[in-house]
Amino acid sequence: MPELPEVETIVRELKEAGLKGLSIVNAVVFWHRSIANQRPADFCQSLIKQNIRDIYRRGKFIVFLLTSRILLVHLRMTGKFFIDKEEAFPHSHERVRLYLSDGRILRYEDQRKFGKWTLTKTEEILDKIGIEPLSSVFTFKQFEKILTGRHRKIKPFLLDQQHIAGIGNIYADEALWAAKIHPKRMISSLTIKEKKNLHKAIIDVLKKGIENAGTSLGEARANYSNLTGGRGKNQGTLKVFQRHTLPCPRCRTTIQKSVLAQRGTYFCPYCQKL
DNA sequence: GATAATGTTGGTCG
DNA sequence: ACGACCAACATTAT
């Protein structure tokens with residue numbers, strides 16, 4: 001659910017909320033498997049007295065840079081953060097809670113329990129993921145370099161975090177539509193022009209997602225919402241994602257849905273030919 | 001009530 | 001190297 005634009009939005013909100021510079025006074029874990037690499041008791045103990053020196057995004061990870069540790073939070077499908085001023089009975093989906101030095105409480109809810117918190121001392125995990133698509137190093141030249149020699153369909157490649165960080169199912173489909181490339185096209189078959197279009201489309205689609213504060217599909221609780229429970233506005237701008245049976249905004253051909261890499265995949269069969 | 005599908009990722013197996 | 005499949009889960013739609 002949260003892809004790069006959603007995670008970026010959350011990180012910005014965490015910063016705006018003034019969490020930087022606060023210390024962690026106490027930590028409580030309600031679901032032990034939300035903690036990836038250690039026992040909850042050790043995890044909590046290690047967090048106490050740590051100062052939040054910085055908060056930033058890397059791929060789909062939220063990174064809390066602490067005094068002597070790095071706290072990585074991956075929201076996976078349904079992870080969400082909330083900030084409360086008052087102690088309250090934990091919500092049924094609440095998995096972790098951090099008590100902060102100014103009296104506020106950072107609460108983490110995760111309906112499907114796929115999200116993971118990792119407390120480490122090194123950047124090892126972050127070093128394993130691919131290039132940041134909105135950074136200045138993601139030039140067309142770099143993009144081309146990443147693509148060369150790969151025998152693979154383009155969509156599964158875009159979803160692979162090892163190569164480019166932060167693209168998920170929604171933005172992959174949207175970028176491919178914008179670049180007029182069929183999701184099943186083999187990378188080796190792409191022309192220079194198509195690669196150029198795709199490079200630009202990836203950046204455009206992600207930037208627009210951030211400008212619109214993320215994509216919130218449907219009405220269900222599980223769907224993405226920000227720190228204050230507010231919804232993103234990007235869903236209104238989607239061209240193909242979950243729009244099967246609707247006309248393509250470019251050519252009016254009916255959008256099709258198929259399954260690729262076990263993910264629902266939406267495309268225009270006319271604009272995006274195989 | 002059963003079944004399929006849901007935006008993520010990691011592992012296994014061929 | 002890559003893809004197909006499953007697993008981790010809870011909820012909603014059909």
Side-chain angles (χ1 to χ4, degrees), chain A residues 1-10 30-37 57-62 72-80 91-96 108-118 124-126 128-130 146-177 183-189 205-206 209-210 212-226 231-245 257-267:
Chain A
M1 112 176 282
E3 307 179 24
L4 187 152
E6 291 74 33
V7 177
E8 179 65 29
T9 303
I10 293 165
F30 301 106
W31 175 248
H32 69 108
R33 295 178 71 175
S34 293
I35 313 305
N37 58 341
R57 180 192 59 73
R58 173 81 175 93
K60 296 177 193 169
F61 283 95
I62 299 171
L72 304 175
V73 180
H74 198 301
L75 304 171
R76 293 278 187 107
M77 299 281 267
T78 54
K80 295 178 181 194
H91 182 276
S92 58
H93 298 140
E94 194 168 338
R95 312 299 178 199
V96 183
Y108 169 75
E109 293 183 12
D110 184 10
Q111 182 190 90
R112 290 177 69 180
K113 300 176 171 172
F114 291 163
K116 288 278 178 282
W117 290 45
T118 311
E124 214 182 310
I125 294 176
L126 301 180
K128 277 191 228 159
I129 61 179
I146 293 171
L147 290 175
T148 50
R150 309 225 168 250
H151 298 283
R152 202 176 179 186
K153 295 181 180 105
I154 186 62
K155 177 167 174 184
F157 175 84
L158 292 179
L159 294 177
D160 190 337
Q161 303 298 303
Q162 309 273 122
H163 306 300
I164 304 170
I167 303 173
N169 210 24
I170 300 175
Y171 296 95
D173 280 2
E174 292 297 314
L176 288 168
W177 178 85
K184 285 188 182 167
R185 282 283 299 284
M186 292 302 285
I187 291 170
S188 52
S189 80
V205 150
L206 293 174
I210 294 173
N212 289 326
T215 303
S216 298
L217 297 160
E219 299 299 321
R221 282 199 67 83
N223 292 322
Y224 164 76
S225 65
N226 66 15
R231 290 161 59 82
K233 330 188 267 292
N234 201 242
Q235 55 278 15
T237 77
L238 299 181
K239 312 294 187 198
V240 283
F241 193 81
Q242 288 189 351
R243 294 180 59 78
H244 49 131
T245 75
K257 181 187 179 186
S258 68
V259 176
L260 178 54
Q262 299 128 239
R263 324 287 296 276
T265 295
Y266 306 84
F267 63 100

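We name chains A, B, ... by the order of the sequence lines, and we start the count at 1 in each one. Remember, predicted model here, so these are calculated numbers, not experimental data.
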Note to self: With a cut-off of less than 4.0 Å, is there a side-chain N or O of A:K116 near OP1 or OP2 of B:dT9?
What the structure shows: no
- Message: Please verify the inter-ring angle class for A:Y108 with A:W117; under 30° counts as parallel, over 60° as perpendicular, anything in between as tilted.
- Response: perpendicular
Point to revise | Residue-phosphate contact under 4.0 Å: A:R76 side-chain N/O, B:dG10 OP1/OP2 | key: no
When rounded to whole Å, the CD to C1' distance for the pair A:E3 and B:dT6 reads 13 Å
* To do: Using atom types as modelled and distance alone, determine if a side-chain donor or acceptor of A:N234 lies under 3.5 Å from a backbone N or O of A:N212.
  => no
- Query: For A:Y266, which contact category applies under a 4.0 Å heavy-atom criterion: base, sugar-phosphate, or nothing?
  - Reply: sugar-phosphate
How far, in whole Å, is C:dA8 from B:dG1 if one measures between their P atoms? 25 Å
Taken to the nearest whole Å, CG/A:N37 to P/B:dG10 is 14 Å
| said: Just N and O in the side chain of A:H93: are any of them under 4.0 Å from OP1 or OP2 of C:dT11? | reply: yes
Item checked: A:E3 side chain vs A:K60 backbone, donor-acceptor pair below 3.5 Å -> no
Could you walk me through whether A:M77 and A:D110 pass the side chain to side chain contact (heavy atoms under 4.5 Å, CB included) check? CA-CA 8 Å; A:M77 299 281 267; A:D110 184 10; 5.9 Å; no
Here the distance between atom P of B:dT9 and atom CD1 of A:I125, to the nearest Å, is 13 Å
Closest of B:dG7, B:dT6, C:dA8 to the A:F114 side chain is C:dA8
Any donor-acceptor pair under 3.5 Å linking the side-chain atoms of A:Y171 with those of A:E6? yes
For this session: For B:dG7 versus C:dC2, give the span between their P atoms, rounded off to a whole number of Å.
Result: 23 Å
Atom CZ of A:R58 and atom P of B:dT9 are separated, to the nearest Å, by 13 Å
Next item on the list: Identify whether any heavy atom of A:K184 sits under 4.0 Å from a base atom; if not, whether one sits that close to sugar-phosphate; answer base, sugar-phosphate or nothing.
Entry: nothing
Between CE of A:M186 and C1' of C:dG3 the distance, given in whole Å, is 10 Å
Is any side-chain nitrogen or oxygen of A:R150 closer than 4.0 Å to OP1 or OP2 of C:dC2? yes
Phosphate oxygens OP1/OP2 of C:dC6: is one of them under 4.0 Å from a side-chain N or O of A:Q262?
no
Out of B:dT9, C:dT11, B:dG7, minimum distance to the side chain of A:Q111 belongs to C:dT11
*asked:* Side-chain N or O of A:Y224 versus OP1/OP2 of B:dT6: is the shortest distance under 4.0 Å?
replied: no
Tell me whether the side-chain N/O atoms of A:K113 come closer than 4.0 Å to OP1 or OP2 in C:dA10.
yes
Whole-Å distance, A:M77 CE to B:dT9 C1', equals 10 Å
To the nearest angstrom, the CZ-C1' distance between A:R231 and B:dG7 comes to 13 Å
Check: A:K80 side chain, A:N223 main-chain N or O, donor-acceptor pair, under 3.5 Å | yes
Closest non-hydrogen contact found for A:G232 with A:Y224 is N-CE2, 4.3 Å
Here DNA chain C, pairs taken as Watson-Crick or G-U under 3.5 Å and shown with ( ), [ ] when crossing and | when to another strand, reads .|||||||.|||||
When rounded to whole Å, the CG to C1' distance for the pair A:N223 and C:dA13 reads 13 Å
Stepwise side chain to side chain contact (heavy atoms under 4.5 Å, CB included) check, A:M186 with A:K153: CA-CA 4 Å; A:M186 292 302 285; A:K153 295 181 180 105; 3.8 Å; yes
- With C1' as the reference atom in both, quote the distance from B:dT9 to C:dT12 in angstrom, rounded to an integer. 22 Å
Picking from B:dG7, C:dC9, C:dG3, the nucleotide nearest the side-chain atoms of A:R112 would be C:dC9
